[in-house]
Number of protein chains: 2
Amino acid sequence: MGELDAVLKEKGVKLTEQRRRLLEKALLQHKHFSAEELYETLRQKRAGISRATVYRTLKLLAAHDVLDVHDFDRGYHLYESRLGRHHHDHLVCLKCGRITEFENPDIESEQEKVARHYHFKIVSHSHKIYGLCHRCRVGN
Amino acid sequence: MGELDAVLKEKGVKLTEQRRRLLEKALLQHKHFSAEELYETLRQKRAGISRATVYRTLKLLAAHDVLDVHDFDRGYHLYESRLGRHHHDHLVCLKCGRITEFENPDIESEQEKVARHYHFKIVSHSHKIYGLCHRCRVGN
DNA sequence: CTCACTTTGAGACTGAGTCTCACTTTCATA
DNA sequence: TATGAAAGTGAGACTCAGTCTCAAAGTGAG
(Lines give C-alpha, C1' and ligand atoms only; values in the text may rest on other atoms or scores of the structure.)
Protein backbone atom coordinates (compact mmCIF):
# COMPACT_ATOMS: atom_id res chain seq x y z
CA MET A 1 0.00 0.00 0.00
CA GLY A 2 1.38 3.37 -1.03
CA GLU A 3 1.90 6.44 1.05
CA LEU A 4 -1.18 8.06 -0.38
CA ASP A 5 -3.36 5.14 0.58
CA ALA A 6 -2.16 5.65 4.12
CA VAL A 7 -3.36 9.25 3.99
CA LEU A 8 -6.90 8.11 3.20
CA LYS A 9 -6.84 5.11 5.48
CA GLU A 10 -5.77 7.22 8.40
CA LYS A 11 -8.87 9.33 7.96
CA GLY A 12 -11.12 6.32 7.82
CA VAL A 13 -11.95 7.02 4.19
CA LYS A 14 -12.78 4.04 2.02
CA LEU A 15 -10.17 3.37 -0.65
CA THR A 16 -11.30 3.31 -4.26
CA GLU A 17 -9.34 3.50 -7.49
CA GLN A 18 -10.89 6.87 -8.28
CA ARG A 19 -9.94 8.38 -4.96
CA ARG A 20 -6.39 7.10 -5.20
CA ARG A 21 -5.94 8.53 -8.68
CA LEU A 22 -7.52 11.83 -7.78
CA LEU A 23 -5.50 12.20 -4.60
CA GLU A 24 -2.30 11.49 -6.44
CA LYS A 25 -2.92 14.29 -8.92
CA ALA A 26 -4.25 16.68 -6.30
CA LEU A 27 -1.25 16.32 -4.02
CA LEU A 28 1.20 16.76 -6.87
CA GLN A 29 -0.35 20.09 -7.77
CA HIS A 30 1.97 22.91 -6.79
CA LYS A 31 -0.63 25.62 -6.82
CA HIS A 32 -4.29 26.26 -6.22
CA PHE A 33 -6.56 24.37 -8.56
CA SER A 34 -10.27 24.24 -9.27
CA ALA A 35 -12.47 21.17 -9.48
CA GLU A 36 -12.95 21.73 -13.22
CA GLU A 37 -9.22 22.03 -13.84
CA LEU A 38 -8.55 18.83 -11.99
CA TYR A 39 -11.39 17.06 -13.76
CA GLU A 40 -10.03 18.19 -17.12
CA THR A 41 -6.51 17.01 -16.23
CA LEU A 42 -7.80 13.63 -15.13
CA ARG A 43 -10.00 13.32 -18.19
CA GLN A 44 -7.05 13.94 -20.48
CA LYS A 45 -5.05 11.31 -18.63
CA ARG A 46 -7.95 8.91 -19.20
CA ALA A 47 -8.14 8.41 -15.46
CA GLY A 48 -11.77 7.39 -15.74
CA ILE A 49 -13.22 9.62 -13.04
CA SER A 50 -16.51 11.39 -13.54
CA ARG A 51 -17.13 15.02 -12.82
CA ALA A 52 -19.49 14.10 -9.99
CA THR A 53 -16.81 12.01 -8.33
CA VAL A 54 -14.24 14.77 -8.66
CA TYR A 55 -16.53 17.21 -6.88
CA ARG A 56 -17.55 14.64 -4.28
CA THR A 57 -14.00 13.57 -3.56
CA LEU A 58 -12.60 17.08 -3.30
CA LYS A 59 -15.32 17.89 -0.80
CA LEU A 60 -14.50 14.73 1.12
CA LEU A 61 -10.79 15.45 1.19
CA ALA A 62 -11.45 18.99 2.37
CA ALA A 63 -13.73 17.73 5.12
CA HIS A 64 -10.89 15.49 6.25
CA ASP A 65 -8.36 18.32 6.22
CA VAL A 66 -6.34 16.80 3.41
CA LEU A 67 -7.14 19.82 1.23
CA ASP A 68 -7.93 23.45 1.94
CA VAL A 69 -10.74 25.14 0.06
CA HIS A 70 -10.52 28.82 -0.81
CA ASP A 71 -13.09 31.19 -2.16
CA PHE A 72 -11.44 34.10 -3.91
CA ASP A 73 -14.71 35.48 -5.26
CA ARG A 74 -14.22 33.98 -8.65
CA GLY A 75 -17.48 32.09 -8.65
CA TYR A 76 -15.81 28.75 -7.96
CA HIS A 77 -13.58 27.25 -5.32
CA LEU A 78 -9.86 26.69 -5.43
CA TYR A 79 -8.23 23.78 -3.60
CA GLU A 80 -4.77 23.36 -2.20
CA SER A 81 -2.96 20.44 -0.61
CA ARG A 82 -2.60 20.68 3.13
CA LEU A 83 -0.16 17.89 3.63
CA GLY A 84 2.95 19.01 5.40
CA ARG A 85 2.01 22.64 5.10
CA HIS A 86 1.46 25.37 7.65
CA HIS A 87 -1.73 27.34 7.78
CA HIS A 88 -1.40 30.54 5.79
CA ASP A 89 -3.53 33.35 4.46
CA HIS A 90 -3.57 35.15 1.12
CA LEU A 91 -2.92 38.35 -0.75
CA VAL A 92 -4.99 38.35 -3.92
CA CYS A 93 -4.12 40.66 -6.82
CA LEU A 94 -7.25 42.16 -8.34
CA LYS A 95 -5.48 42.83 -11.61
CA CYS A 96 -3.48 39.73 -12.49
CA GLY A 97 -5.07 37.24 -10.09
CA ARG A 98 -1.74 36.30 -8.54
CA ILE A 99 -2.09 34.77 -5.11
CA THR A 100 0.64 35.30 -2.51
CA GLU A 101 0.70 33.43 0.76
CA PHE A 102 1.54 34.94 4.11
CA GLU A 103 1.78 33.81 7.69
CA ASN A 104 1.45 36.15 10.61
CA PRO A 105 1.39 34.79 14.16
CA ASP A 106 0.37 38.14 15.63
CA ILE A 107 -2.81 38.18 13.57
CA GLU A 108 -3.53 34.63 14.62
CA SER A 109 -3.19 35.42 18.28
CA GLU A 110 -5.23 38.61 18.05
CA GLN A 111 -7.85 36.53 16.36
CA GLU A 112 -7.91 34.18 19.30
CA LYS A 113 -8.36 37.12 21.62
CA VAL A 114 -11.35 38.24 19.59
CA ALA A 115 -12.88 34.77 19.70
CA ARG A 116 -12.31 34.52 23.46
CA HIS A 117 -14.02 37.84 23.94
CA TYR A 118 -17.14 36.59 22.17
CA HIS A 119 -16.96 33.10 23.70
CA PHE A 120 -16.60 31.80 20.20
CA LYS A 121 -14.90 28.50 19.40
CA ILE A 122 -12.78 28.86 16.27
CA VAL A 123 -12.97 26.02 13.78
CA SER A 124 -11.29 27.73 10.86
CA HIS A 125 -10.75 31.15 9.41
CA SER A 126 -10.15 32.86 6.13
CA HIS A 127 -8.24 36.09 5.82
CA LYS A 128 -7.86 37.55 2.37
CA ILE A 129 -6.28 40.83 1.41
CA TYR A 130 -7.32 42.10 -2.00
CA GLY A 131 -5.39 44.74 -3.90
CA LEU A 132 -2.52 45.21 -6.31
CA CYS A 133 0.58 43.06 -6.25
CA HIS A 134 4.05 44.53 -6.63
CA ARG A 135 4.20 43.81 -10.36
CA CYS A 136 0.83 45.29 -11.15
CA ARG A 137 1.53 48.43 -9.12
CA VAL A 138 4.64 49.30 -11.02
CA GLY A 139 2.92 48.54 -14.26
CA ASN A 140 4.12 45.16 -15.43
CA MET B 1 -34.11 66.11 -3.39
CA GLY B 2 -33.92 63.61 -0.57
CA GLU B 3 -30.94 62.53 1.40
CA LEU B 4 -30.72 59.25 -0.45
CA ASP B 5 -30.61 61.00 -3.79
CA ALA B 6 -27.62 62.89 -2.51
CA VAL B 7 -25.88 59.62 -1.74
CA LEU B 8 -26.16 58.51 -5.34
CA LYS B 9 -25.50 61.93 -6.82
CA GLU B 10 -22.31 62.29 -4.83
CA LYS B 11 -21.02 59.12 -6.44
CA GLY B 12 -21.86 60.33 -9.91
CA VAL B 13 -24.50 57.62 -10.27
CA LYS B 14 -27.46 58.38 -12.49
CA LEU B 15 -30.70 58.67 -10.55
CA THR B 16 -33.56 56.44 -11.57
CA GLU B 17 -36.78 55.57 -9.79
CA GLN B 18 -35.66 51.97 -9.43
CA ARG B 19 -32.37 52.89 -7.86
CA ARG B 20 -34.00 55.29 -5.44
CA ARG B 21 -36.52 52.68 -4.33
CA LEU B 22 -33.92 49.97 -4.01
CA LEU B 23 -31.50 52.17 -2.09
CA GLU B 24 -34.22 53.19 0.32
CA LYS B 25 -35.00 49.57 1.19
CA ALA B 26 -31.36 48.51 1.25
CA LEU B 27 -30.30 51.22 3.66
CA LEU B 28 -33.19 50.55 6.01
CA GLN B 29 -32.13 46.93 6.34
CA HIS B 30 -30.62 46.34 9.76
CA LYS B 31 -28.85 43.17 8.87
CA HIS B 32 -27.14 41.37 6.04
CA PHE B 33 -29.42 40.62 3.12
CA SER B 34 -29.17 38.74 -0.14
CA ALA B 35 -30.11 39.94 -3.60
CA GLU B 36 -33.00 37.46 -3.72
CA GLU B 37 -34.34 38.56 -0.35
CA LEU B 38 -34.29 42.18 -1.40
CA TYR B 39 -35.88 41.36 -4.74
CA GLU B 40 -38.66 39.46 -2.98
CA THR B 41 -39.28 42.32 -0.55
CA LEU B 42 -39.45 44.83 -3.36
CA ARG B 43 -41.69 42.57 -5.41
CA GLN B 44 -44.14 42.26 -2.54
CA LYS B 45 -44.19 46.02 -2.15
CA ARG B 46 -44.99 46.28 -5.84
CA ALA B 47 -41.90 48.42 -6.29
CA GLY B 48 -41.67 47.44 -9.94
CA ILE B 49 -38.01 46.49 -10.07
CA SER B 50 -36.84 43.48 -12.02
CA ARG B 51 -34.50 40.84 -10.72
CA ALA B 52 -31.85 41.91 -13.24
CA THR B 53 -31.99 45.47 -11.97
CA VAL B 54 -31.74 44.36 -8.35
CA TYR B 55 -28.55 42.43 -9.11
CA ARG B 56 -27.15 45.21 -11.29
CA THR B 57 -27.89 47.92 -8.76
CA LEU B 58 -26.49 46.04 -5.78
CA LYS B 59 -23.30 45.50 -7.73
CA LEU B 60 -23.19 49.16 -8.62
CA LEU B 61 -23.75 50.30 -5.05
CA ALA B 62 -21.06 47.94 -3.84
CA ALA B 63 -18.63 49.26 -6.45
CA HIS B 64 -19.31 52.75 -5.13
CA ASP B 65 -18.77 51.74 -1.51
CA VAL B 66 -22.36 52.34 -0.53
CA LEU B 67 -22.75 48.66 0.31
CA ASP B 68 -20.37 45.96 1.45
CA VAL B 69 -20.59 42.51 -0.12
CA HIS B 70 -19.80 39.44 1.93
CA ASP B 71 -19.29 35.88 0.91
CA PHE B 72 -19.94 33.54 3.81
CA ASP B 73 -19.70 30.42 1.69
CA ARG B 74 -23.41 30.02 1.37
CA GLY B 75 -23.42 30.02 -2.41
CA TYR B 76 -24.69 33.59 -2.65
CA HIS B 77 -23.61 37.02 -1.49
CA LEU B 78 -24.88 39.01 1.43
CA TYR B 79 -24.96 42.80 1.37
CA GLU B 80 -24.79 45.34 4.14
CA SER B 81 -25.12 49.10 4.23
CA ARG B 82 -21.86 50.94 4.67
CA LEU B 83 -23.25 54.35 5.37
CA GLY B 84 -21.98 55.78 8.64
CA ARG B 85 -20.43 52.48 9.61
CA HIS B 86 -16.91 51.47 10.47
CA HIS B 87 -15.15 48.69 8.71
CA HIS B 88 -15.55 45.45 10.61
CA ASP B 89 -14.95 41.74 10.19
CA HIS B 90 -17.04 38.71 11.08
CA LEU B 91 -17.40 35.67 13.27
CA VAL B 92 -19.66 33.17 11.51
CA CYS B 93 -21.35 30.38 13.44
CA LEU B 94 -21.25 27.12 11.52
CA LYS B 95 -24.22 25.74 13.42
CA CYS B 96 -26.83 28.50 13.59
CA GLY B 97 -25.46 30.87 10.96
CA ARG B 98 -25.33 33.81 13.35
CA ILE B 99 -22.95 36.54 12.26
CA THR B 100 -21.14 38.62 14.84
CA GLU B 101 -19.14 41.69 13.93
CA PHE B 102 -15.78 42.60 15.37
CA GLU B 103 -13.22 45.36 14.98
CA ASN B 104 -9.59 44.91 15.83
CA PRO B 105 -7.10 47.67 15.04
CA ASP B 106 -4.13 45.47 15.83
CA ILE B 107 -5.11 43.02 13.15
CA GLU B 108 -5.58 45.88 10.71
CA SER B 109 -2.14 47.27 11.37
CA GLU B 110 -0.46 43.88 11.21
CA GLN B 111 -2.19 43.43 7.91
CA GLU B 112 -0.66 46.64 6.66
CA LYS B 113 2.75 45.40 7.71
CA VAL B 114 2.20 42.24 5.71
CA ALA B 115 1.16 44.23 2.66
CA ARG B 116 4.14 46.53 2.99
CA HIS B 117 6.45 43.55 3.16
CA TYR B 118 5.13 42.22 -0.14
CA HIS B 119 4.90 45.69 -1.75
CA PHE B 120 1.21 45.05 -2.06
CA LYS B 121 -1.35 47.86 -2.23
CA ILE B 122 -4.43 46.95 -0.18
CA VAL B 123 -7.77 47.74 -1.74
CA SER B 124 -9.95 45.74 0.61
CA HIS B 125 -9.87 42.69 2.78
CA SER B 126 -12.10 40.05 4.21
CA HIS B 127 -11.41 38.31 7.47
CA LYS B 128 -13.86 35.67 8.58
CA ILE B 129 -13.63 33.42 11.58
CA TYR B 130 -15.78 30.30 11.36
CA GLY B 131 -16.74 28.23 14.36
CA LEU B 132 -19.32 27.93 17.11
CA CYS B 133 -20.96 30.92 18.74
CA HIS B 134 -21.49 31.17 22.47
CA ARG B 135 -25.08 29.90 22.29
CA CYS B 136 -24.27 26.92 20.11
CA ARG B 137 -21.32 25.91 22.28
CA VAL B 138 -23.33 25.69 25.42
CA GLY B 139 -26.04 23.85 23.56
CA ASN B 140 -28.84 26.29 22.94
C1' DC C 1 -16.06 -15.76 -0.27
C1' DT C 2 -19.97 -13.39 0.82
C1' DC C 3 -22.89 -9.60 1.25
C1' DA C 4 -24.31 -5.31 3.47
C1' DC C 5 -22.94 -1.06 2.64
C1' DT C 6 -20.66 2.46 -0.07
C1' DT C 7 -19.21 4.56 -4.24
C1' DT C 8 -19.59 5.57 -9.01
C1' DG C 9 -21.23 7.61 -13.64
C1' DA C 10 -24.32 9.71 -16.97
C1' DG C 11 -26.85 13.11 -17.34
C1' DA C 12 -30.77 15.66 -15.47
C1' DC C 13 -31.31 19.29 -12.41
C1' DT C 14 -30.62 23.61 -9.37
C1' DG C 15 -29.96 28.26 -8.42
C1' DA C 16 -27.26 32.53 -8.26
C1' DG C 17 -26.07 35.57 -11.31
C1' DT C 18 -25.45 37.57 -16.26
C1' DC C 19 -26.72 38.76 -20.86
C1' DT C 20 -29.59 40.37 -24.75
C1' DC C 21 -32.05 43.71 -27.01
C1' DA C 22 -36.14 46.41 -27.81
C1' DC C 23 -37.99 49.91 -25.33
C1' DT C 24 -37.88 53.74 -21.77
C1' DT C 25 -35.76 57.24 -18.94
C1' DT C 26 -32.44 60.64 -17.65
C1' DC C 27 -30.15 64.99 -17.91
C1' DA C 28 -26.79 68.15 -20.19
C1' DT C 29 -27.27 71.38 -23.40
C1' DA C 30 -29.76 74.44 -26.40
C1' DT D 1 -38.85 73.20 -21.61
C1' DA D 2 -37.59 70.78 -25.55
C1' DT D 3 -34.21 67.57 -27.55
C1' DG D 4 -31.47 63.60 -28.18
C1' DA D 5 -27.33 60.92 -27.01
C1' DA D 6 -26.23 58.00 -23.65
C1' DA D 7 -27.55 55.16 -19.98
C1' DG D 8 -30.90 52.18 -17.64
C1' DT D 9 -34.64 48.73 -17.60
C1' DG D 10 -37.40 44.14 -17.99
C1' DA D 11 -38.57 39.55 -19.61
C1' DG D 12 -36.77 35.74 -20.06
C1' DA D 13 -33.06 33.09 -22.18
C1' DC D 14 -28.71 31.70 -20.84
C1' DT D 15 -24.37 30.31 -18.13
C1' DC D 16 -21.95 27.55 -15.21
C1' DA D 17 -20.40 25.61 -10.71
C1' DG D 18 -22.06 22.35 -8.20
C1' DT D 19 -25.64 18.66 -6.65
C1' DC D 20 -28.79 14.90 -7.16
C1' DT D 21 -30.69 10.41 -8.85
C1' DC D 22 -30.55 5.70 -9.17
C1' DA D 23 -29.02 1.52 -11.33
C1' DA D 24 -24.82 -0.83 -11.51
C1' DA D 25 -20.22 -1.79 -9.71
C1' DG D 26 -16.84 -1.94 -6.04
C1' DT D 27 -15.16 -2.48 -1.23
C1' DG D 28 -13.76 -4.88 2.83
C1' DA D 29 -15.18 -6.88 7.51
C1' DG D 30 -16.24 -11.15 9.03
Side-chain angles (χ1 to χ4, degrees), chain A residues 1-2 4-23 25-26 32-64 66-67 69-79, chain B residues 1-2 4-23 25-26 32-64 66-67 69-79:
Chain A
M1 190 192 296
L4 292 183
D5 288 23
V7 171
L8 294 178
K9 198 104 193 192
E10 182 206 337
K11 307 286 181 177
V13 169
K14 190 175 259 185
L15 295 167
T16 68
E17 268 314 303
Q18 288 88 336
R19 288 178 180 174
R20 267 188 270 254
R21 292 196 284 249
L22 185 150
L23 187 61
K25 273 284 161 295
H32 301 91
F33 59 93
S34 69
E36 283 305 317
E37 276 166 26
L38 184 61
Y39 171 61
E40 191 49 33
T41 304
L42 291 166
R43 206 179 58 72
Q44 281 173 12
K45 303 249 178 207
R46 305 263 186 281
I49 306 181
S50 71
R51 175 180 274 106
T53 295
V54 170
Y55 277 95
R56 276 190 292 236
T57 307
L58 288 175
K59 207 174 182 182
L60 181 81
L61 294 175
H64 285 86
V66 177
L67 298 178
V69 202
H70 302 298
D71 187 331
F72 294 121
D73 247 317
R74 297 193 187 183
Y76 53 85
H77 292 128
L78 288 184
Y79 292 86
Chain B
M1 190 193 295
L4 292 182
D5 288 23
V7 171
L8 294 177
K9 198 100 192 197
E10 182 207 336
K11 308 285 182 178
V13 169
K14 189 177 262 185
L15 296 167
T16 68
E17 268 314 303
Q18 288 87 339
R19 288 178 179 175
R20 267 189 271 252
R21 292 196 283 248
L22 186 151
L23 188 62
K25 273 283 161 296
H32 301 91
F33 59 93
S34 68
E36 283 304 316
E37 275 166 26
L38 184 61
Y39 171 62
E40 190 49 32
T41 304
L42 291 167
R43 206 178 58 72
Q44 280 173 12
K45 304 247 180 207
R46 304 262 187 284
I49 305 181
S50 71
R51 174 180 275 105
T53 295
V54 169
Y55 277 95
R56 275 191 290 235
T57 306
L58 287 175
K59 206 175 185 181
L60 181 81
L61 294 175
H64 284 87
V66 177
L67 298 177
V69 202
H70 302 298
D71 187 330
F72 294 121
D73 248 317
R74 296 194 188 182
Y76 53 85
H77 292 127
L78 290 183
Y79 292 87

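The structure presented is a predicted model; accordingly, all values stated were derived computationally and were not measured. Chain letters run A, B, ... following the sequence lines, proteins first and then strands; every chain starts at 1.
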**Fill in**
CG (D5(A)) and CG (L23(A)) are apart, to the nearest 0.5 Å, by 8.5 Å

**Asked** Near DNA chain D, which residues from residues 70-78 of chain B have a heavy atom under 4.0 Å away?
**Response** none

**Prompt:** side chain to side chain donor-acceptor pair (under 3.5 Å) with T57(B): which residues, sequence neighbours excluded?
**Reply:** none

**Message:** Need to verify one output field. Residue with the more 5' nearest nucleotide on DNA chain D, E36(A) or E17(A)?
**Reply:** E36(A)

**Request:** Please list, chain by chain and in numerical order, all residues satisfying salt bridge (charged side-chain N to carboxylate O under 4.0 Å, His left out) with R74(A), sequence neighbours excluded.
**Result:** none

**Request:** Please name all residues satisfying side chain to side chain donor-acceptor pair (under 3.5 Å) with D73(A), sequence neighbours left out, ordered by chain then number.
**Result:** H77(B)

**Complete:** Minimal heavy-atom distance between Y39(A) and V54(A), with the atoms involved, is CD1-CG2, 3.9 Å

**Request:** Using the criterion of both pairing distances under 3.5 Å for Watson-Crick and G-U wobble pairs, give all stems of 3 or more consecutive pairs involving DNA chain D.
**Result:** C:1-30 with D:1-30

**Asked** What residues in residues 49-56 of chain B put a non-hydrogen atom under 4.0 Å from any atom of DNA chain C?
**Response** A52(B), Y55(B), R56(B)

**Prompt:** Taking only side-chain nitrogens and oxygens of T16(A), does any of them come within less than 4.0 Å of OP1 or OP2 of dT8(C)?
**Reply:** yes

**Item:** Minimal non-hydrogen separation, A35(B) against Y55(B), with atom names
**Value:** CB-CE2, 3.5 Å

**Partner residues of S34(B) under the side chain to side chain contact (heavy atoms under 4.5 Å, CB included) criterion, sequence neighbours left out** = E36(B), E37(B), Y76(B), L78(B)

**Prompt:** Q18(A) side chain N/O closer than 4.0 Å to the phosphate oxygens (OP1, OP2) of dG26(D)?
**Reply:** no

**Sequence-distant partners of H32(B), side chain to side chain donor-acceptor pair (under 3.5 Å), two or more places apart** = E80(B), H90(B)

**Item:** Listed partners of K59(B) passing side chain to side chain contact (heavy atoms under 4.5 Å, CB included), at least two apart
**Value:** none

**Message:** Under the criterion side-chain contact (heavy atoms from CB on, under 4.5 Å), I'd like the reasoning laid out for L60(B) against V66(B): C-alpha separation, chi angles, the key distance, then a yes or no.
**Reply:** CA-CA 9 Å; L60(B) 181 81; V66(B) 177; over 6 Å; no

**Request:** Side chain of R19(A) only, please: which of dT8(C), dG17(C), dT6(C) is the nearest?
**Result:** dT8(C)

**Item:** Below 4.0 Å: OP1/OP2 of dA17(D) and any side-chain N or O of S34(A)
**Value:** no

Protein-nucleotides 28-30 of chain C N/O pairs under 3.5 Å:
none

Contacts under 3.5 angstrom, residues 10-18 of chain B side chains, donor-acceptor by atom type, not counting sequence neighbours:
from	atom 1	to	atom 2	distance (Å)
K11(B)	NZ	H64(B)	O	3.2
T16(B)	OG1	R19(B)	N	3.1
E17(B)	OE2	R20(B)	NE	3.3

**Complete:** In terms of heavy-atom contacts, R21(B) and L42(B) come closest through O-CD2, 4.2 Å

**Request:** Measure the shortest side-chain to side-chain distance between L58(B) and L22(B) over non-hydrogen atoms and say whether it is less than 4.5 angstrom.
**Result:** yes

**Item:** Of residues 37-44 of chain A, the positions that come close to DNA chain D - non-hydrogen atoms, cut-off under 4.0 Å
**Value:** none

